[in-house]
Amino acid sequence: MSNFVGVNDVLGRELGSLRLSLTARCNLACPYCQPDGQEPKALLDQAQRLALITASCLLGAQTLRLTGGEPLLCDDLEPLLAAVQRRRSQKTNPLSNLHELALTSNGVLLTAARARSLRQAGLDRITISLDGTDGASVAQMSGLRGGSVAGIKVLDRVLDAIQAARQAGFDPERGDLKLNSVIQRGLNEHQLLPLAALARQQGIELRFIEYMDVGNSNGWKPEAVVTAAEMVQQIEDCWPLEFIGRLPGSTAQSWRYRDGGGLVGVVASISQPFCGDCNRLRITADGTAFTCLFGAQGTSLLPWLVPEPNLDGLIQIMQSLWQQRFDRYSEERLKAESVGMVPTLVEKPAMAYLGG
Ligand code: SAM
Ligand code: SF4
């Protein structure tokens, strides 16, 4: 087994976190995300995923977030978690470096049994995405045909999923259970306070995410972004807040409700980019590495995964990829916009492929 190497990029940023996408497919069709509904041809198997996780841990990753598309559509999710957990508990295994094993899901398939099996398999944290508290908003934000009736069905399943996760041992007070909401101007702005109220009532930290220009097909426009500052102001007008801060390498700024209502966060990727300490490596369901969420070009790791994983080769290529990394797309976009420049249109992969 190779030794721990750790790696810094051109801007001195360490590799700290792996976001591994297990599928590009989704059971919802959120218009801001635009899943293409098809699995890539070269979907990775367990051995390939484990090799990528091992190489990332040897290069410094301390957190692993499994994502998609919708990761609960992946049949071998629990076996993967169990395999990771086994390795994590072995002192000399590179995966013992993993402090956090997390998953992001839309919650629709998170039944009580599934929540228990994920917990038993070793999952530490789960983030559930929900963009509305009424049927019409959920239908619109999830791309459901069937209007508010369909939206209410999804909403009820997600509310049940939150309950199921809590009962399975994902304790929101410890941060094991969180909520994500994307807010888009003109679509679900009016859901900001109801979503905050729902999370407060449930004692769960909710992170409001600025609508991002990932991919080319979601029709993103700067005007559709409700900025983190606006969101915080609206919440603050209702429930006074105290700023806590943003941990290095984290995406969310945290705030505390002064009335004891817990925490709320904002992910200000557009208006206050945090490229300066971004430590995330993303690998898609077909083994393509992206060193920036807004990156146009990925690097296929398949030559080091097929016909079977070559761990030393993977470490070398991933190390060299990270060492050459100088992405700071979001900061550059902001700078360009501030001097009136329009970003050039390049072909960019969609969020459901990149994993968010
Ligand atoms: N299907 C899962 C889910 O929805 O949680 C996991 C994958 S999804 C791509 C991960 C996260 O990215 C979700 O919280 C989703 O809301 C967020 N997301 C997707 N497209 C986005 C966009 N254009 N801007 C901001 N957040 C986005
Ligand atoms: Fe699916 Fe998640 Fe994308 Fe919505 S955000 S379409 S739930 S992958």
Side-chain angles (χ1 to χ4, degrees), residues 17 19-39 65-74 77 102-110 118 123 125-132 137-145 150-151 154-155 157-158 161-162 165 177-185 187-188 191 195 199 204-222 224-228 231 251-252 265-271 273-274 280 282-285 290 293-294 329-330 333 348-356:
S17 175
R19 295 203 173 187
L20 181 64
S21 182
L22 302 182
T23 173
R25 286 183 302 133
C26 191
N27 49 349
L28 298 181
C30 310
Y32 57 73
C33 173
Q34 295 282 319
D36 67 7
Q38 270 186 15
E39 210 64 284
R65 181 165 290 273
L66 300 173
T67 177
E70 175 48 42
L72 296 187
L73 288 174
C74 173
L77 170 60
L103 177 113
T104 310
S105 165
N106 60 37
V108 173
L109 297 173
L110 190 67
L118 293 173
L123 189 67
R125 291 185 160 199
I126 189 158
T127 302
I128 296 178
S129 306
L130 178 67
D131 305 327
S137 304
V138 171
Q140 184 171 39
M141 297 305 286
S142 314
L144 300 176
R145 291 198 206 113
V154 164
L155 175 61
R157 288 182 76 158
V158 180
I162 293 170
L177 174 60
K178 291 191 178 142
L179 296 176
N180 268 359
S181 303
V182 176
I183 300 294
Q184 242 180 292
R185 194 178 306 285
L187 292 185
N188 69 336
Q191 290 296 295
L195 281 163
I204 302 179
E205 180 177 347
L206 183 152
R207 273 123 179 236
F208 288 107
I209 309 178
E210 288 181 351
Y211 173 37
M212 297 181 219
D213 53 336
V214 181
N216 295 109
S217 47
N218 64 6
W220 184 88
K221 289 192 190 76
V225 178
V226 181
T227 64
M231 297 198 257
T251 56
V266 282
V267 179
S269 337
I270 302 293
S271 64
F274 34 81
R280 287 171 288 285
R282 294 181 162 81
I283 301 183
T284 65
F290 284 85
L293 179 58
F294 303 95
Y329 174 90
S330 216
R333 178 214 313 98
K348 290 191 298 178
M351 189 70 117
Y353 178 59
L354 289 171

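Both counts, for ligands and for their atoms, begin at 1 and track the order of listing. Small disclaimer: the values here were computed from a predicted structure and weren't measured. Along the sequence shown, residues carry numbers from 1.
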Less than 4.5 Å apart, side chain to side chain, heavy atoms only: is that true for Ile209 and Val266?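 No, side chains not in contact.
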Using the ring of each side chain (for Trp, its six-membered ring), is Tyr329 parallel, tilted or perpendicular to Phe294, with breaks at 30° and 60°?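 Ring orientation, 0 to 90° scale: parallel.
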For atom 11 (C) of ligand 1, the option (of Thr104, Leu28, Val225) bearing the nearest heavy atom: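 The residue whose heavy atom sits nearest atom 11 (C) of ligand 1 is Thr104.
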What atoms of ligand 1 come closer than 4.0 angstrom to any heavy atom of Asn218?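 So the atoms of ligand 1 that pass are 23 (N).
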Answer with yes or no whether the side chains of Ser17 and Arg65 bring together a donor and an acceptor at under 3.5 Å.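 Short answer, no.
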Keeping to distances under 2.8 Å, can you name the protein N/O/S atoms close to atom 4 (Fe) of ligand 2?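 Atoms qualifying: Cys30 SG.
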If you take all heavy atoms of Ala24 and Pro35, which pair is closest and at what distance?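 For Ala24 versus Pro35, the nearest heavy atoms are O-CB, 4.3 Å.
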Taking the side chain as C-beta and beyond, is there a heavy-atom pair between Arg25 and Glu70 under 4.5 Å?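 The answer is no; the side chains never approach within 4.5 Å.
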If we only count heavy atoms from C-beta on, is the Gln184 to Met141 side-chain gap below 4.5 Å?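 Yes - at least one pair of side-chain heavy atoms lies under 4.5 Å apart.
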Contact check: Glu70 vs ligand 1, nitrogen or oxygen atoms, below 3.5 angstrom: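 Looking only at distances, the answer is yes, because the N/O contact criterion of under 3.5 Å is met.
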Counting only nitrogen or oxygen atoms and a 3.5 angstrom limit, does Asn180 reach ligand 1?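 Yes - when backbone and side-chain N and O of Asn180 are compared with those of ligand 1, one distance drops under 3.5 Å.
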Show me which atoms of ligand 1 lie under 4.0 Å from any heavy atom of Ile209.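 In order of numbering, the contacting atoms are 25 (C), 26 (N).
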Below the 3.5 angstrom mark, is there an N/O of Gly69, backbone or side chain, next to an N/O of ligand 1?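 Yes; the residue has a nitrogen or oxygen that sits under 3.5 Å from a nitrogen or oxygen of the ligand.
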Taking the side chain as everything from C-beta on, heavy atoms only, tell me whether Phe208 gets closer than 4.5 Å to Val182.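 Answer no - side chains too far apart.
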Pick out which of Thr23, Leu103, Leu22, Asn27 makes a side chain to side chain contact (heavy atoms under 4.5 Å, CB included) with Leu72.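 So, applying the side chain to side chain contact (heavy atoms under 4.5 Å, CB included) to Leu72 and each of Thr23, Leu103, Leu22, Asn27, only Leu103 qualifies.
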If you measure every N/O of Met212 against every N/O of ligand 1, is any gap under 3.5 Å?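 For ligand 1, there is an N or O atom that lies under 3.5 Å from one belonging to Met212.
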Can you find an N or O of Tyr211 that's nearer than 3.5 Å to an N or O of ligand 1?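 Not met; the criterion fails.
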Return a yes/no value for Ser129: is any of its N or O atoms, backbone included, closer than 3.5 angstrom to an N or O of ligand 1?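 Among all N and O atoms of Ser129, at least one is under 3.5 Å from an N or O of ligand 1.
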Do the non-hydrogen side-chain atoms of Val158 and Asn106 ever get within less than 4.5 Å of each other?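 No, too far: nothing below the 4.5 Å cut-off.
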Residue that, paired with Ile183, satisfies side chain to side chain contact (heavy atoms under 4.5 Å, CB included) out of Asp131, Val226, Thr227: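 With Ile183 as partner, side chain to side chain contact (heavy atoms under 4.5 Å, CB included) holds for just one option, Val226.
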